[in-house]
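What follows is one structure encoded as C-alpha cells, with my remarks underneath.
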Amino acid sequence: MQTPLYIRSHSNSAPKRSIALIDVNNFYVSCERVFNPKLVGKPVVVLSNNDGCAVARSNEVKALGVGMGAPWFKFKDLARQHGIIALSSNYALYADMSNRVMSILRQYSPDQEVYSIDESFLDLTGFPSRDLIQYGQDMRQRILKWTGLPVCVGIGSTKTLSKLANHCAKKRPQFNSVCNFNTMPPRELDDLLGQLDVGEIWGVGRKLAPKLQALGFNTVLDLKRADPERLRQQFSVVMEKTIRELNGTVCIELEEISPAKQQIISSRSFGYPVCDYNSLAESITLYMSRAAVKLRKQQSFAGSVYVYIRTSPFKADDPFYSNGMTIPMPSPTNDTRQLVKVALWGLKQIYKPNYNYAKAGVMLGEIVSGQGMQIDLFSQVQTSPKSSALMAAMDSINRKMGKESIKLASEGFKRPWKMKQESKSPSYTTKWEEVPLILN
DNA sequence: ATCACGGTTTGCA
DNA sequence: CTAACGTGCAAACCGTGAT
C-alpha cells in the first residue's frame with residue numbers, strides 16, 4: 001500500500017518550480033457513474049441547486065452542444081430527443097468523494113493546496129523532473145483504483161502554467177492524461193501555446209478574452225509575449241501577474257492553509273415563489289445559521305450583517321423588486337442567535353408585501369479573527385462564556401449527529417420554499433438509509 | 001487634488 | 001401538470017463627502 005515517494009533534493013539556487021494541477025474529469029458526473037455504472041457511456045448532466053442549470057456534463061453531453069451553465073428548461077427538449085439523463089446535484093456525495101481524492105493526493109507531496117472541490121495543486125519542486133510524468137501516471141492509477149474517478153495531471157513551473165498543462169492533458173490524447181510542460185523543449189512548448197486560445201488561461205474568462213482578442217492577443221503565446229507593464233495599465237495588476245506566470249515567474253504562491261474568508265455568503269433560490277414574510281424569515285434564519293457555522297469553523301467574528309431579498313429578474317410580467325441592507329453589529333460576534341436576530345430586523349425593514357420573491361440571502365462582513373484578536377481598542381470582541389459554550393455545543397452535536405440535528409425553531413420545519421431537486425441520487429457514501437439494498 | 005468609505009458591478013470558477 | 005436561469009468570493013469601480 002505504501003508506494004515509494006521520491007526524496008526531494010534541495011539545491012541552494014532557487015530551482016525551477018514543478019507545480020502540478022490535478023483535476024477530476026467531469027467531476028460530478030464521474031461521481032454519479034461510480035455508483036451507477038448504467039450511466040457510463042450515456043449522456044449525463046448534473047444540475048445546479050434548484051435544478052436550475054447544467055453544472056457538470058459528460059463528454060457525450062458536451063458533444064451535443066450543451067454549454068456550461070445552460071438553463072435546464074432551455075435544453076429539456078434536446079435532452080428528451082437524445083436521452084440525456086439529468087440528475088440533481090448531490091453535494092453530500094461529491095464532498096465525500098472529494099475528500100477521498102484529496103487525501104490520496106496528499107501522499108504525493110507535503111505541499112498541497114486544495115483549490116476547489118475537484119482540483120488540487122501539489123508542489124513537486126525538487127522531485128526529479130524527468131520522472132514526473134511517471135509520478136503523475138501513478139497518481140492517476142491509484143485514484144482510479146481507490147475511488148473509481150478519472151483524473152488528469154498538468155505540470156508547469158507556475159500555477160497558471162500547470163492549469164494550461166492540465167487542459168492539454170485533458171484535450172490532447174497524445175499526452176495520455178498527464179502533461180508536463182517542464183520537460184518539453186522551449187520551442188515545442190511555445191508551438192503548443194500558440195495553438196491554445198487566450199480564453200483558456202486561468203483568470204481570462206468571458207469578458208477578458210474578447211477584449212484581449214480585440215487587441216490582437218489571440219493565443220496563449222501572444223499573451224505570454226505581451227509587455228506586462230503596458231497591459232497592467234490597460235487592465236490590472238492581475239493581468240500583469242498572469243503574463244509573468246506564463247513566462248515562468250511565480251507570482252501566485254500555493255496556499256496550503258486557506259486564508260480566512262473576509263466575507264461569508266449563504267443564499268438560495270426558492271423552489272417556488274414566496275410572498276409572505278414568515279417564509280422569508282424562516283429561510284433567512286436557516287441561511288444565517290449556516291453562515292454562522294462557517295464563521296465559527298474559521299474561528300472568526302462578524303462585524304456586520306447584510307440581508308437581501310429579490311424577485312426573479314427573468315420573469316418579465318412580474319414586478320421586480322430587489323433590496324438589501326447592511327447592519328453593523330455593536331461588537332463582532334459569532335453567536336447564531338444574535339446574528340439571526342439582527343438579520344430578521346433587517347428583513348423587516350426591506351420586506352414589501354405582494355411581491356413574488358425568488359431568492360434571499362445573507363452575508364457576514366467585517367470579519368475579524370478570534371485568535372490574533374487584531375482588533376482596535378474600541379471594538380473588542382466580547383463573547384460571554386455562556387454564548388461560546390452554547391455555540392460550541394451546538395456545532396459539536398451537529399458534527400456528530402449530522403447537519404442541523406439541532407437548530408433554531410424559527411428555521412421552520414415544513415419549508416415549503418425549499419429548493420427543487422427532482423432527481424437526486426442516494427448519498428451512497430454518507431447515508432446508510434439511502435443506500436439501496438442489493439439482493440442477488 | 002486626494003483619500004477613505006460604502007455600495008455596486010464585474011469577473012471568475 | 002405548471003413553470004422554470006446557481007452560488008460564493010474577491011477585486012475593481014464609482015460616487016460622495018471630508019480634508
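Letters A, B, ... mirror the listed sequences (proteins, then strands); counts begin at 1.
Separating the CG atom of A/Asp318 from the C1' atom of C/dA3 is a distance of 12 Å, rounded to the nearest angstrom. Between the CD atom of A/Glu366 and the P atom of B/dA4 there is a distance of 17 Å, rounded to whole Å. Remark: P of C/dT7 and OH of A/Tyr28 are 12 Å apart, rounded to the nearest angstrom. In this entry the distance linking CZ of A/Phe270 with P of C/dT7 reads 10 Å, nearest Å. Here the C1' atom of nucleotide C/dA4 and the CG atom of A/Asn49 are 15 Å apart, to the nearest Å. Following rounding to the nearest Å, A/Leu364 (CG) and C/dA10 (P) show an atom-to-atom distance of 12 Å. We find that NZ of A/Lys359 is positioned 6 Å from C1' of C/dT7, with the value rounded to whole Å. Taking atom CD on A/Glu255 and atom P on C/dC9, their separation rounds to 15 Å, with Å as the unit.
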| task | Determine, stepwise, if the pair A/Lys170 / A/Glu200 fulfils salt bridge (charged side-chain N to carboxylate O under 4.0 Å, His left out). | result | CA-CA 13 Å; A/Lys170 264 201 213 136; A/Glu200 298 299 340; over 6 Å; no
| message | Walk me through whether A/Asp23 and A/Lys163 qualify under salt bridge (charged side-chain N to carboxylate O under 4.0 Å, His left out). | response | CA-CA 9 Å; A/Asp23 149 320; A/Lys163 274 258 183 189; 5.8 Å; no
| said: Under the criterion salt bridge (charged side-chain N to carboxylate O under 4.0 Å, His left out), I'd like the reasoning laid out for A/Lys297 against A/Asp395: C-alpha separation, chi angles, the key distance, then a yes or no. | reply: CA-CA 9 Å; A/Lys297 195 174 268 173; A/Asp395 289 341; over 6 Å; no
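Of the residues near DNA chain C, A/Phe314 and A/Ile264, the one whose nearest nucleotide (by heavy atom distance) lies more toward the 5' end is A/Phe314. Each of A/Pro259 and A/Asp317 lies near DNA chain C, and the nucleotide nearest A/Asp317 is the one positioned closer to the 5' end.
Among the nucleotides C/dG8, C/dC9, B/dG7, the one closest to any side-chain atom of A/Thr326 is B/dG7. Listed nucleotides: B/dC12, C/dA11, C/dG6. Nearest to the side chain of A/Val238: C/dA11. Of the candidate nucleotides C/dC5, C/dG8, C/dT7, C/dG8 has the atom lying nearest to any side-chain atom of A/Ile265. Nearest to the side chain of A/Gln263, among B/dC12, C/dA4, C/dC9, sits C/dC9. Side chain of A/Lys261, nearest nucleotide from C/dA4, C/dA10, C/dT7: C/dA10. Side-chain proximity of A/Lys207 to the nucleotides B/dG11, C/dT7, C/dA4 is greatest for B/dG11. Closest approach to the A/Lys294 side chain among C/dC9, C/dA4, C/dT7 is made by C/dC9 (side chain taken as heavy atoms from C-beta onward). Residue A/Lys211 places its side chain closer to B/dG11 than to any other of C/dC5, C/dT7, B/dG11. You'll find that the side chain of A/Gln262 is closest to C/dA11, out of B/dC12, C/dT7, C/dA11. The side chain of A/Ser267 approaches C/dG8 more closely than any other nucleotide in the set C/dC9, C/dG8, B/dC12.
In this model, a donor atom of one side chain and an acceptor atom of the other lie less than 3.5 Å apart for A/Glu245 and A/Thr160. In this model, no donor atom of one side chain and acceptor atom of the other lie less than 3.5 Å apart for A/Thr430 and A/Asp96. A donor-acceptor pair shorter than 3.5 Å cannot be found between the side chains of A/Ser109 and A/Asp123. A/Asn26 and A/Asn59 share a donor-acceptor pair across their side chains, judged by distance under 3.5 Å alone.
Pairing partner, B/dA13: C/dT7, with both Watson-Crick or wobble hydrogen-bond distances short of 3.5 Å. When Watson-Crick and G-U wobble pairs are counted only if both distances are under 3.5 Å, C/dG15 pairs with B/dC5.
Contact annotation for A/Val46: no contact, since no heavy-atom pair falls under 4.0 Å across all strands. Contact annotation for A/Gly203: backbone-only contact, meaning every heavy-atom pair under 4.0 Å involves sugar-phosphate atoms and none involves a base. Counting non-hydrogen atoms under 4.0 angstrom, A/Val55 reaches nothing in the nucleic acid. When heavy atoms are screened at a 4.0 angstrom cut-off, A/Trp202 is found touching the sugar-phosphate backbone but no base atom. At the heavy-atom level, A/Ser266 lies under 4.0 Å from the strands shown only through sugar-phosphate atoms. Looking at heavy-atom distances under 4.0 Å, A/Leu47 makes no contact with the nucleic acid at all.
C/dC5 has no stacking from A/Phe73 on its base ring, since the centres under 5.5 angstrom apart and planes within 30 degrees of parallel are not both found.
For the OP1/OP2 pair of C/dA4 and a distance below 4.0 Å, the side-chain nitrogens and oxygens of A/Lys315 include at least one atom meeting the criterion. Considering only side-chain N and O atoms, A/Ser236 lies nowhere under 4.0 angstrom from the phosphate OP1 or OP2 of C/dA11. Neither OP1 nor OP2 of C/dC5 sits under 4.0 Å from any side-chain N or O of A/Arg310.
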